[in-house]
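Worksheet: the structure to be examined is printed underneath.
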Amino acid sequence: MSEKPAKIHKPRPISGYPEWLPEERMVEQAWIDQIRAVFEAYGFGSIETPSVEEIEVLTAKGGDTDKEIYAIRRLHDDGGASEGRVALHYDLTVPLARYVAQHYGDLTFPFKRYQIQKAWRGERPQEGRFREFLQCDIDVIDNDELSIEFDAEMPAIIFEVFQRLDIGNVTININNRKILQGFYSGLGIEDVTGVIRIVDKMDKIGVQGVAKQLADEAGLSADMISRCLSLAEIKTPDASFADQVQALGVENETLSKGVEELSFVMNSLGHLPQGVIFADLSIARGFDYYTGTVYESKLADYPEFPSICSGGRYDNLVSSYMNKRLPGVGISFGLTRTFAKMLKEGKLDTNIKSPTQVLVVQLPDTDRELAASTAQALRARGFNVEMYHEAAKMKNQLRYAERKAIPYVWFPAVDRGQSHEVKDMASGEQAPTALDTWQPARI
RNA sequence: GUGGCUGUAGCUCAGUUGGUUAGAGCGCCGCACUGUGACUGCGGAGGCCGGGGGUUCAAAUCCCCUCAGCCACCCCA
C-alpha cells in the first residue's frame with residue numbers, strides 16, 4: 001500500500017553545527033533570559049544585525065581571519081555582480097562597528113548595546129569549537145575618548161552573568177596590551193605581535209615551551225627571553241602587579257600608560273569575591289585589533305577548556321568605515337561553547353522535557369469540550385496547559401505525562417457537583433481540587 | 001588549511017582463519033489492562049555493514065579511493 005520512497009537521504013550530524021533536544025533548549029533559553037536581564041540591568045540596549053555583511057566590511061580590518069569566513073551565494077549562481085558579495089559574520093564586533101558608522105547620526109553616545117546572535121567560522125570543529133555558535137556581546141562606544149570606567153565595568157557585568165548561570169567557579173583574567181607592547185618595545189623587540197602570540201601559549205605549552213619558541217621562532221636572546229617570561233609570570237589578584245613590573249626595570253611610556261590603566265581596572269574590581277579577578281600579564285588572547293585592556297575568562301574546573309568569555313578595548317575599529325575616532329570596549333560570552341561543556345559534564349538539569357505544567361486528560365465517554373474548557377480555564381490562570389489529544393487509555397495519557405515530565409495531571413469533573421481531581425506525578429497522590437483555587441506545590 | 005584515529009539498527013556495541021537469511025542490549029510500536037505512569041511478561045517494526053571501485057567461487061571482514069565524524073595543530077567564543 002505504501003510505496004517505499006525512491007531514495008532516503010540519511011541525516012547525519014554536521015560537524016560544528018550543534019542542535020539541542022527540547023529539554024536542553026529549554027535550559028539554553030533560560031540562560032539567554034538571564035544574560036539578557038543582566039545586560040539590561042546595566043543599561044545596555046539590544047540590537048540585531050543581519051547574519052551577513054558585505055565581504056569588504058568583514059575584511060576591512062585585515063588579518064588572517066579571511067579563510068574562516070563563509071561566503072554566501074545562490075546554488076544556481078548566475079555570475080552576476082551581486083553574487084558572492086556577502087558573507088556570514090565572523091563575530092559581532094565588526095558588524096557593530098559597521099552599524100555605528102551607518103547609524104552614527106541616530107545614536108546617543110556613549111553607545112551601549114548588547115547583541116545575542118550566532119556567528120560562523122570555518123574552523124575545524126572539536127570540543128569547545130563550533131562552526132556555528134551563539135555569542136553574547138556587550139560593547140560601549142564613545143566619541144574621541146572612552147572612559148576607562150567602562151573597562152572596569154565589563155568584568156563586573158560578566159561576573160554577574162556567570163553567577164546567574166551557575167557554571168561553577170570562573171576566573172576572569174585581565175591584562176593590557178599596552179603593557180606588552182611597551183615592555184617588548186622597551187626591550188627592543190620588533191615583532192611584538194609575534195612574541196605576544198607565543199607568550200600567550202603559556203598555560204598550554206608551559207614556561208619551557210614558550211622559552212623554546214621565543215628562541216627558535218622569534219629569535220630572542222636569552223636575556224630577552226628571561227625578561228619576557230618574568231613579565232608573563234606576573235599574576236596578582238589586585239593592583240600589586242604594578243610593583244612587580246616596575247622591578248623588571250624596563251622604561252617605556254606606553255608601558256607606564258598600560259600599568260596605570262590596568263591598575264585602575266583592578267582597583268575598581270576590589271568588591272568582587274576573592275579568586276575571581278586576576279591581573280595576568282601572560283594573557284593576550286583575542287583579535288589583533290585590541291589595543292588596551294584585554295579579558296579572558298576560564299572555567300576554573302576545566303583549565304584545559306578554552307576561554308569562555310573574552311574581549312577588550314579597541315581604539316580604532318570604526319575607522320575602517322568612517323573618518324572618525326570612536327574607541328570602544330567590549331566583551332563576548334561564548335554561550336554555545338560554555339553550554340555544550342556544561343551539558344557534556346552533566347551539570348545541567350534537563351529533566352523537564354516541555355514547558356507544560358498541567359496535562360488535562362480526556363476521560364472516556366465524555367465530551368472533549370469538557371477537557372478543552374478545563375484546559376482553557378487553567379491557561380487563563382497563567383499555567384502552561386495541554387489537553388491530551390484523544391480519549392485514549394488512561395495508561396497512555398499518564399505515560400505521556402510521565403515521559404515529558406509534566407508535573408500535574410488534571411482529571412476534569414465529569415458531572416455538575418462532582419469535583420475536579422489533580423494528580424501530582426512525582427508523589428503519585430491524587431486529590432479533589434477546584435479550577436479557580438488550585439495552587440500547585442511545585443512549578 | 002595540515003596531520004592522526006574511527007565509520008555495523010534511532011542509540012551503545014557484538015560479529016570467529018573471508019563462508020547460508022548480519023545479532024544483542026537500550027529505545028520505539030502493540031497486547032496482557034476499555035478511569036491511573038515508573039515494574040514485569042509476550043509480540044512487532046526497524047540494516048545498500050557510510051559511499052564507490054577492486055581481489056575472490058564467496059566480502060561487514062582483505063586492498064584502493066572517497067565522504068563523514070572525532071582528536072591534535074592553526075586560530076579563537
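Nothing here was measured: the structure is a model prediction, and the numbers come from that model. Letters go in sequence order (proteins before strands), and every chain restarts at 1.
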Tell me, yes or no, whether the heavy-atom count around A:Gln274 atom CD, taken from other residues, nucleotides or ligands under 6.0 Å, exceeds 12. no

Write down the partner of B:rU6 under the Watson-Crick or G-U wobble criteria, each distance required to be under 3.5 Å. B:rA68

May I ask you to say whether A:Lys212 pairs ionically with A:Glu217, meaning some side-chain N is under 4.0 Å from a carboxylate O? no

Shortest side-chain distance from A:Gln135, nucleotide among B:rG35, B:rA38, B:rA77: B:rA77

5'-most contact on RNA chain B: A:Glu421 or A:Gly122, nearest heavy atom basis? A:Gly122

For A:Gln115 and A:Arg113, does a side-chain donor sit closer than 3.5 Å to a side-chain acceptor? yes

Would you tabulate the pairs of protein nitrogen or oxygen atoms and nucleotide nitrogen or oxygen atoms of nucleotides 27-32 of chain B closer than 3.5 angstrom?
from: B:rC28; atom 1: OP1; to: A:Arg403; atom 2: NH1; distance (Å): 3.2
from: B:rC29; atom 1: OP2; to: A:Arg403; atom 2: NH1; distance (Å): 3.2
from: B:rA32; atom 1: OP2; to: A:Lys393; atom 2: NZ; distance (Å): 3.4

Pairing partner (Watson-Crick or G-U wobble, both distances under 3.5 angstrom) of B:rG44: B:rC28

Parallel, tilted or perpendicular: ring planes of A:Trp438 versus A:Tyr408, cut at 30 and 60 degrees: perpendicular

Is there ring stacking between A:Phe411 and B:rU36, where the centres must be under 5.5 angstrom apart and the planes under 30 degrees? yes

Can you tell whether the side chains of A:Glu429 and A:Lys423 come within less than 4.0 Å, N to carboxylate O? no

Does any donor-acceptor pair link the side chain of A:Glu127 with the base of B:rA72 at a separation under 3.5 Å? no

If a protein heavy atom is under 4.0 Å from the base, mark B; if only from the sugar-phosphate, S; if neither, -; do that for nucleotides 2-8 of chain B going 5' to 3'. B------

Look at A:Arg25 together with A:Glu28 and state whether they make a salt bridge at an N to O cut-off of under 4.0 Å. yes

Side-chain contact check for A:Met394: nearest option of B:rC71, B:rG35, B:rG37 is B:rG35

Can you name the one residue among A:Lys298, A:Arg337, A:Glu296, A:Glu127 that meets side chain to side chain contact (heavy atoms under 4.5 Å, CB included) with A:Pro306? A:Arg337

Under a 3.5 Å limit for both distances, which nucleotide forms a Watson-Crick or G-U wobble pair with B:rA58, could you say? none

Under 4.0 Å, heavy atoms only, any strand: does A:Glu123 hit a base, just the sugar-phosphate, or nothing? base

Carboxylate-amine/guanidinium proximity below 4.0 Å for A:Arg131 and A:Glu123: no

Select one nucleotide: of B:rG37, B:rC76, B:rA77, the one nearest the side-chain heavy atoms of A:Tyr290. B:rA77

Does A:Lys118 NZ have over 12 foreign heavy atoms under 6.0 Å away? no

I'd like to check, for A:Phe133, whether its ring lies over the base of B:rA77 with centroids under 5.5 Å apart and a plane angle smaller than 30°. yes

Indicate whether any N or O donor in one side chain lies under 3.5 Å from an N or O acceptor in the other, for A:Asp139 and A:Tyr314. yes

Nearest-Å distance once atom C1' is located in both B:rC63 and B:rU55: 7 Å

Select base, sugar-phosphate, or nothing to describe what A:Tyr400 touches, counting heavy atoms under 4.0 Å on all strands. nothing

With both distances kept under 3.5 Å, what pairs with B:rG37, Watson-Crick or G-U wobble? none

Hey, does the side chain of A:Ser307 come within less than 4.0 Å of B:rA77's phosphate (OP1/OP2), counting only N and O? no

I'd like to know if A:Arg313 pairs up with A:Glu261 as an ion pair, taking the criterion as any Lys NZ or Arg NE/NH1/NH2 lying under 4.0 Å from an Asp or Glu carboxylate oxygen. no

Do A:Tyr114 and A:Phe39 have ring centres separated by under 6.0 Å? yes

Between A:Thr254 and A:Gln181, do the side chains contain a donor N or O and an acceptor N or O under 3.5 Å apart? no

What's A:Gly428 touching, base or sugar-phosphate or nothing? Going by heavy atoms closer than 4.0 Å. base

Contact list (N/O, under 3.5 angstrom) for nucleotides 42-45 of chain B vs protein:
none

Within the pair A:Gln126 and B:rA72, is there a side-chain N or O less than 4.0 Å away from OP1 or OP2? yes

Below 3.5 Å, does any donor atom in the side chain of A:Gln430 face an acceptor in the base of B:rU36, or the other way round? yes

Comparing A:Leu134 and A:Leu363 on RNA chain B - which has the more 5′ nearest nucleotide: A:Leu363

